[in-house]
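This report refers to the structure that appears directly beneath it.
Proteins get letters first, then strands, A, B, ... in listed order; numbering begins at 1 in each.
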Amino acid sequence: MVTTDEKGPLTAKKKSVIIRSCDGDEFLVSESAAVLSTSLKKILEEKEDRLIHLSDIDNKTLAMVIAYLSTHADDGLSDDLKRSFDQEFVSGKEFDVLKYLVLATDTLQVTCLCYTVAKKMADIMKNKLVEWVRREFDIQNDYTPEAEAEIRRLDAWAWDDRQLEDD
Amino acid sequence: MRNWADLPDDLLNLILSKLFAKDRHVFSLVCRSWNTVAASSAYRYSPCLMYYHRSKHMWKLYQYNSFFYMSFTELEKAEICCSKYGWLLMRRYDNSLFFFDPFNNQRIELPCKLRNGYSTVSFFHPPTSPDCFIVGIDDTPDSGIEVILKICVLKHGEKEWDINIYRPRKRFLVSRGAPVLHGGLLYFSDVRGNVATFNMSKCDYCKPRLAIKFRCLRRRRLGNKIKEHYLFKINGEKAMFAVFVLHEERKVSMFRLLEPEMKWEPMQDIGDKVLYLSHVSSFGNTAYLKNMSNRIYFPKFHGDTTVFYSLNSGKYHSVDGDYSNNNSYGLQRLDLATWITPAPTPEFLTELLTWCPEVD
């Protein structure tokens, strides 16, 4: 169940933690990677337990976050390589995937990844209609028609009614 | 399952910081909790640096370190003279002038032209206000060392310039820093940091309208070294201020004007204020975010990121990344950029959008 890619006596000395997703998959992560997440770092400082259960992150999302943490914890990689990894990391990902990724990074408090993902999400949200955002996020419109009309009227730049593409 | 309407505020703010104009408007419209975040966001009414990006034929707007491209057909073949209250004063290449509010797409045409060559053209009230007037200042070097100083004023509701011509007793070459209106007087500086005041009211016959004070800088040799001039007022402060950037290492010097002696008194810091400086509009505010206090934002770039000068460290720093330097060599400076603050859509009365009813 637990897989490891650690080999040799030197790396074997490195401490590892096991992180379990909400759907039960477990991931072995080096401690140096785990502590890049402020929340994981806190948990590790508080308890001896090497098994951390995350009740609101699914395995697909967790796998992505761990890939990110491991890359950023790798001292052998230059900052430039890490930066281009970050670019690659978010490019081509669906909005649906990014949604859960940004939540996970927020829960785990991985600031730099959260920033990268939020930026990518904003890029996708550009030129979209409000109906698109509500649908993609599954948000109910809780405005009264009067309140919505008032905001449509008041907010700056509201005049700009270029044709928005809605996909 | 997560309720997306209740995303953490920090996260929503992060997304919001990358959205602008129409996209920010859409964000506010999604639901009430998102609107609450947008309405209290630091991005909402914080100044943007706006300039024309020639190769892209678009206007580029910087807010913090996010940039956005917009196109305004109204602003084609025109350059920015001045900007205040969310309005731009523009001069077309044919020398006609107009006001434009890019946030609300409103335009006010001015009835007369102003030829190119004026050092500064500025205004001090919203152009919809009857108090509004436009002032152009021009200096023509005459034979020898003399300079002819021309100050022309166009008042709201008038269709012709009131032109005033002076011959200062000493050479007074007007700096490009926009003048400041302070207590009914127009303050502007020459390239050596000397200050002239022009009384906007014609009624006061006992005093000359134009008064020039020389030797305003205590260290007189400093005057020869100034490269960039910025005059401004700070919200909540009574005095007039100046920032002079020197040739030598682009050193930044800040001053407060002592009146009535008209001397520049050096200042080291501005506490919880932040300055936004450019040739066409300069102002100081209380910093909305604490970490932005005691900083000067210039229209300067390091690569793709804007640069500010920290009065705490005495250095230029990039907003994004880890650039810092005690001089600004190698930084790109934009002369025709302006700071502009997004303003909410006011209730416009159409008649306010007319400068001079007689002409239209």
Side-chain angles (χ1 to χ4, degrees), chain A residues 56-58 79 83 96 98-107 109 111-144 147-164 166, chain B residues 1-36 38-39 43-45 48 61 65-66 68-72 74 86 101-106 320-322 340-348:
Chain A
D56 53 3
I57 301 177
D58 64 85
D79 285 349
R83 257 193 291 274
D96 225 28
L98 293 171
K99 262 181 358 190
Y100 291 100
L101 196 54
V102 80
L103 269 192
T105 59
D106 186 64
T107 311
Q109 296 178 43
T111 319
C112 46
L113 179 58
C114 191
Y115 186 82
T116 313
V117 179
K119 184 177 181 299
K120 177 70 185 172
M121 282 175 78
D123 282 343
I124 298 178
M125 286 162 72
K126 277 176 194 165
N127 285 331
K128 298 294 194 295
L129 292 173
V130 62
E131 290 74 18
W132 184 93
V133 182
R134 285 185 190 139
R135 193 177 63 225
E136 287 298 306
F137 277 107
D138 193 20
I139 293 176
Q140 284 296 313
N141 177 10
D142 57 357
Y143 281 115
T144 60
E148 184 169 341
E150 181 65 6
I151 291 181
R152 278 190 193 274
R153 189 183 67 81
L154 263 187
D155 215 343
W157 303 92
W159 59 273
D160 174 12
D161 43 24
R162 65 198 133 108
Q163 280 295 304
L164 302 178
D166 189 17
Chain B
M1 189 58 190
R2 193 89 186 210
N3 182 3
W4 295 101
D6 302 327
L7 282 175
D9 286 3
D10 287 350
L11 197 53
L12 286 174
N13 253 309
L14 251 181
I15 297 173
L16 190 62
S17 73
K18 300 290 167 195
L19 298 173
F20 199 61
K22 183 71 176 177
D23 297 318
R24 200 177 283 173
H25 182 58
V26 163
F27 184 99
S28 303
L29 277 171
V30 170
C31 61
R32 277 162 42 195
S33 62
W34 283 32
N35 182 47
T36 309
Y43 305 106
R44 189 172 171 87
Y45 296 129
C48 313
L61 287 111
N65 206 39
S66 302
F68 310 91
Y69 288 102
M70 312 271 311
S71 54
F72 299 101
E74 303 265 1
D101 173 353
F103 305 109
N104 302 298
N105 196 31
Q106 300 291 347
D320 207 18
D322 49 10
I340 186 164
T341 310
T345 312
E347 295 272 12
F348 271 118

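Comparing A:A147, A:A122, A:C114 by heavy-atom pairs within less than 4.5 Å of chain B, the highest count is held by A:A122. Highest contact tally toward chain B, considering only A:M125, A:K99, A:M121, A:E148, is held by A:K99 [criterion: heavy-atom pairs under 4.5 Å].
With contacts defined as side-chain heavy-atom distances shorter than 4.5 Å, the pair A:L103/B:L7 qualifies. In this structure, A:V133 and B:W34 have side chains that are in contact, with non-hydrogen atoms separated by less than 4.5 Å. Contact of the A:Y115 side chain with the B:L14 side chain is registered, since non-hydrogen atoms from C-beta on lie closer than 4.5 Å.
Proximity to chain B (any heavy atom under 4.5 Å) is shown, for A:V102, by both the backbone and the side chain. Using a 4.5 Å cut-off between heavy atoms, A:K120 does not touch chain B at all.
Among residues two or more places apart in sequence or in another chain, the salt bridge (charged side-chain N to carboxylate O under 4.0 Å, His left out) test is passed with A:D79 by none. In terms of the side chain to side chain contact (heavy atoms under 4.5 Å, CB included) criterion, B:A39 has no residue partners (sequence neighbours excluded).
Atom CG of A:D106 and atom CG of B:D10 lie 7.0 Å apart (nearest 0.5 Å). With rounding to the nearest 0.5 angstrom, the CG atom of B:N35 is 3.5 Å from the OH atom of A:Y143. One finds the NZ atom of A:K119 at 9.5 Å from the OG atom of B:S17 (value rounded to the nearest 0.5 Å).
A:R152 approaches B:L29 most closely through the heavy-atom pair NH1-CD1, 3.6 Å. Across all their heavy atoms, A:Q140 and B:C31 have their closest contact at O-CB, 4.0 Å. In plain terms, the two heavy atoms of A:K126 and B:K18 that are nearest each other are CE-O, 3.3 Å.
Remark: the backbone N or O of B:R32 is paired with a side-chain donor or acceptor of A:D142 at under 3.5 angstrom.
If you run side chain to side chain contact (heavy atoms under 4.5 Å, CB included) between B:V26 and each of A:V130, A:N127, A:L129, only A:V130 comes through.
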